[in-house]
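For reference, the structure discussed in these notes is given below.
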2 protein chains.
Amino acid sequence: MATTGPRAGSLGIGEVAERTGLSVHALRFYEREGLLVGPVHRTAGGRRRYTDADVEWLRICVKLRESGMPLADLARFAELVRAGPGNEAERLHLLDTHQRRVEARIQALEECRSLISWKVGIYTDHLSRGQAEGLWDPTT
Amino acid sequence: MATTGPRAGSLGIGEVAERTGLSVHALRFYEREGLLVGPVHRTAGGRRRYTDADVEWLRICVKLRESGMPLADLARFAELVRAGPGNEAERLHLLDTHQRRVEARIQALEECRSLISWKVGIYTDHLSRGQAEGLWDPTT
DNA sequence: CTAGGAACTAGAGCGAACTCTAGATCAAGC
DNA sequence: GCTTGATCTAGAGTTCGCTCTAGTTCCTAG
């Protein structure tokens with residue numbers, strides 16, 4: 001029979017949590033929010049069984065989230081995929097927008113990094129000189 | 001007289017908001033949260049007057065926040081600076097921890113970026129071929 | 001003097017992304 | 001059959017970092 005019990009090649013929610021790094025709570029939450037492309041299969045008893053494709057998709061979601069894509073965009077993307085071919089332009093637009101966001105973020109972080117390492121340098125110097133100096137301005 | 005009225009070289013909250021990119025609300029909030037190194041001067045009428053040093057410090061806060069330092073850490077750092085010399089090791093530790101965080105974040109973002117540009121490539125290809133293909137797996 | 005805008009305080013509210021709770025059900029091992 | 005632990009649902013709660021409200025006061029221009 002089809003969706004009657006655990007099948008090879010399908011995973012329970014706990015296993016998926018392990019494999020994706022999401023909590024079981026988050027997995028259910030993502031499903032409610034419509035982040036999954038298809039409906040998750042269920043066993044006769046009502047437990048979720050995820051396919052490899054589900055897991056693959058979730059891993060992509062994790063990456064996109066990790067890089068700051070809002071859940072709403074992810075949901076929209078899933079919706080587009082669900083709707084099937086024909087809306088690739090919008091999918092591309094979503095990704096493209098996000099790519100710019102990520103690049104901007106990386107740039108901003110790199111600027112911050114140099115500010116920080118400059119400050120770390122100051123403190124390291126100071127400490128290695130046995131904190132012998134008094135010339136601290138309040139912004140250091 | 002001293003704190004009786006607006007003085008040259010001191011700015012009102014609105015001007016500081018403009019210069020730092022923070023909202024006036026955020027500025028008051030930061031103050032309440034103890035993110036500032038010293039108490040902000042007030043006019044006789046109770047309005048805040050910020051010094052250039054205050055603005056400088058705020059700009060640093062903005063940078064640190066922008067790069068993901070939690071407000072609590074920022075508050076701790078301010079507290080250390082307020083306490084005066086002698087705690088440079090802890091200040092350094094805070095900065096150093098944050099630096100690692102930023103570097104890890106940059107790395108993660110760069111990985112995401114390559115995933116995204118791979119996907120953008122797929123869609124661009126697809127679209128430029130006049131969406132003539134049907135070989136879509138659900139994870140694209 | 002009057003009007004209007006900027007700033008004041010204390011505290012409530014908000015959006016994002018989860019996380020946790022309660023109470024019930026399912027499933028596997030002894 | 002019974003226990004134990006994983007899952008289930010619906011919905012409440014949490015954390016972070018602001019943002020906004022209400023009601024008031026200050027101050028500058030006309």
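So that the names make sense, note that chain A is the first sequence line, chain B the second, and so on, each numbered from 1. None of the values given here were measured: they were computed from a predicted structure.
The phosphate of dC8(D) has OP1 or OP2 within less than 4.0 Å of a side-chain N or O from Arg48(A). Under 4.0 angstrom from either OP1 or OP2 of dC18(D) there lies at least one side-chain N or O belonging to Tyr30(B). Between Arg28(B) and the phosphate of dA10(C), there is no side-chain N or O to OP1/OP2 separation shorter than 4.0 Å. In this structure, Arg49(A) does not reach the dT7(D) phosphate: none of its side-chain N or O atoms is under 4.0 Å from OP1 or OP2. At least one side-chain nitrogen or oxygen of Thr43(B) sits closer than 4.0 Å to the OP1 or OP2 atom of dC27(D).
The residue among Gly46(A) and Glu15(B) whose nearest nucleotide of DNA chain C is located toward the 5' end is Glu15(B).
Here Ser23(B) pairs with His25(B), Ala26(B) under the side chain to side chain contact (heavy atoms under 4.5 Å, CB included) rule; sequence neighbours left out. Under the side chain to side chain contact (heavy atoms under 4.5 Å, CB included) criterion, Thr124(A) pairs with Val120(A), Leu92(B), not counting sequence neighbours. The side chain to side chain contact (heavy atoms under 4.5 Å, CB included) search around Arg47(B) returns Thr43(B), not counting sequence neighbours. The side-chain hydrogen bond (donor to acceptor under 3.5 Å, both in side chains) search around Glu15(A) returns none, not counting sequence neighbours. Judged as a side-chain hydrogen bond (donor to acceptor under 3.5 Å, both in side chains), and not counting sequence neighbours, the contacts of Arg101(B) are Asp73(B), His98(B). Not counting sequence neighbours, the partners of Glu79(B) by the side-chain hydrogen bond (donor to acceptor under 3.5 Å, both in side chains) test are Arg76(B). Remark: Glu103(A) engages no residue in a side-chain hydrogen bond (donor to acceptor under 3.5 Å, both in side chains) (not counting sequence neighbours). Remark: Ser117(A) pairs with Gln99(B) by the side chain to side chain contact (heavy atoms under 4.5 Å, CB included) rule, at least two apart or across chains.
Pairs engaging residues 104-115 of chain B under the salt bridge (Lys or Arg N to Asp or Glu O under 4.0 Å) rule: Lys63(A)-Glu111(B), Glu110(B)-Arg113(B) [sequence neighbours left out].
Of the residues in residues 102-112 of chain B, not one places a heavy atom less than 4.0 Å from an atom of DNA chain D. Only Ser23(B), His25(B), listed by number, bring a heavy atom of residues 20-27 of chain B to less than 4.0 angstrom from any atom of DNA chain D.
Closest to the side chain of Arg42(A), from the set dG17(D), dA17(C), dC8(D), is dC8(D). Distances from the side chain of Ile13(B) to the nucleotides dA7(C), dG17(D), dA17(C) place dA7(C) closest.
Of the residues Glu88(B), Arg91(B), Glu90(B), the one that meets the side chain to side chain donor-acceptor pair (under 3.5 Å) test with Tyr123(A) is Arg91(B).
Looking at every heavy atom in both residues, Val24(B) comes nearest to Gly14(B) through CG1-CA, 4.0 Å.
Asp73(B) has its CG atom 15 Å from the C1' atom of dT15(D), to the nearest Å. Atom P of nucleotide dA17(C) and atom CD of Glu31(A) are separated by 18 Å, given to the nearest angstrom. Atom CZ in Arg32(A) sits roughly 9 Å away from atom P in dT9(D) (whole-Å rounding). Nucleotide dG15(C) holds its P atom 14 Å from the CD atom of Glu33(A), rounded to whole Å.
Using a cutoff of 4.0 Å between basic side-chain nitrogens and carboxylate oxygens, Glu33(A) and Arg65(A) are not scored as salt-bridged.
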Protein-nucleotides 2-5 of chain C N/O pairs under 3.5 Å:
none

